[in-house]
2 protein chains.
Amino acid sequence: MQIVEMICEKILTRTWLEGDKIPSVRELAVSIEVNPNTIMRSYAYLQEKGIIQNKRGIGYFVAEHAHDDTLDLMKFNFIKNDLPLFFKTISLLNIDFEELKERFNKFEKGKEKDEDKQ
Amino acid sequence: MQIVEMICEKILTRTWLEGDKIPSVRELAVSIEVNPNTIMRSYAYLQEKGIIQNKRGIGYFVAEHAHDDTLDLMKFNFIKNDLPLFFKTISLLNIDFEELKERFNKFEKGKEKDEDKQ
DNA sequence: TCTACTGTTCTAGTTGCCTAATACAGTAAA
DNA sequence: TTTACTGTATTAGGCAACTAGAACAGTAGA
């Protein structure tokens, strides 16, 4: 699932565009130092979700509408699973929504600096 | 770690007060259907963090200042680990902070209803 | 056709974490 | 002292997910 999220991120940030060939099972396996079988399972999952497509003997490719589909899928899971847990936690820790907003602004500022460096 | 969080939650919500005896290793093991050894590891971790104390042959007890210490510990971990990931995700999914606030308000309203039922 | 890529499948072995079962030890009350 | 709780420790085993290594199959280009 960590691998799946890594791939989704590439698609959402438009690092990988629709129609692009993505790394081969073996290639990605080497670069992130896991077993090809593990990559296969991740790719199979994403193919099932219609986010990537496979041409046997050639490789895997980012599907049409992958960006929007990924966004829908991730947003759905986020709202269903992560958000309730998150709200429960900030409620439990008595964290103010204003404090949250401040920290988020700081976070976004940090990102701008990263972009400036590149 | 799920067990640890469950216990922290009991302390934060003042379900278990400082000085209270908490369920014995075996008792809790039976009630949540895990092995006593698993509970032991959780209790050992919390003892190491100074949140619970142990009296051999008698049981485990909620330590003095456990509420504040738990709050500090959880808040520290939350800000260090969960929050950056959370911000990254809402940024990636392009979720507006206003939308977040609305969903949080809805969440809080849902809690009020739960409290009314009790 | 041959070569070098791709995906796909299979078996065997490793690892981490949990379970199961048992034993030993400290404490308190009958 | 006995009983019935506590915590603590050890050993063996199960299970899920991964690794390791190999084999087979489709595709494209030299």
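Quick note on labels: first sequence line is chain A, next is B, and so on, each numbered from 1.
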Side-chain heavy atoms under 4.5 angstrom apart, residues restricted to Ile, Leu, Val, Met, Phe, Trp, Tyr: same cluster for B/M74 and B/Y45? no
If you compare all heavy atoms of B/L92 against all heavy atoms of A/L71, which two are closest, and at what distance to 0.1 Å? O-CD1, 4.2 Å
Would you mind reading off the distance between B/F61 atom CZ and D/dC5 atom C1', rounded to a whole angstrom? 12 Å
Nearest-Å distance for atom pair CE/C1', residues A/M1 and D/dA16: 15 Å
Could you give the CD1-to-P distance, from A/I39 to C/dT8, as a whole number of Å? 13 Å
Once you round it to whole Å, what is the distance between C1' of D/dA28 and NZ of A/K21? 12 Å
Determine, using the 4.5 Å side-chain heavy-atom cutoff (strictly less than), whether B/Y60 and B/V4 are members of one ILVMFWY cluster. yes
On DNA chain C, more 5' by nearest nucleotide between A/N54 and A/N37 is A/N54
Taking the nucleotide of DNA chain D with the closest heavy atom to each, which residue, B/Y43 or A/I58, is nearer the 5' end? B/Y43
Give a yes/no answer on whether the side chain of B/T38 brings an N or O atom under 4.0 Å of OP1 or OP2 in C/dT19. yes
In this structure, how many angstroms lie between the C1' atom of D/dT6 and the OH atom of B/Y60, rounded? 10 Å
Check for a donor-acceptor pair, side chain of A/E64 on one end and backbone N or O of A/E18 on the other, with a separation under 3.5 Å. no
Between P on D/dC18 and CG on A/L28, what's the gap in Å once rounded to a whole number? 14 Å
Taking atom types as they are modelled, would you say the side chain of B/R26 forms a donor-acceptor pair with the base of D/dT6 within the 3.5 Å cutoff? yes
Do B/L46 and B/L12 belong together in a cluster built from hydrophobic side chains that touch within less than 4.5 Å? no
Can you check the A/E33 CD to D/dA20 C1' distance for me, whole Å? 15 Å
Sugar-phosphate, base or nothing in reach of B/Q47, heavy atoms under 4.0 Å: nothing
Side chain of B/R41: nearest nucleotide among C/dT8, D/dG7, C/dC18? C/dC18
Atom pair distance, as rounded to whole Å: CG in A/N35 and P in D/dA22: 13 Å
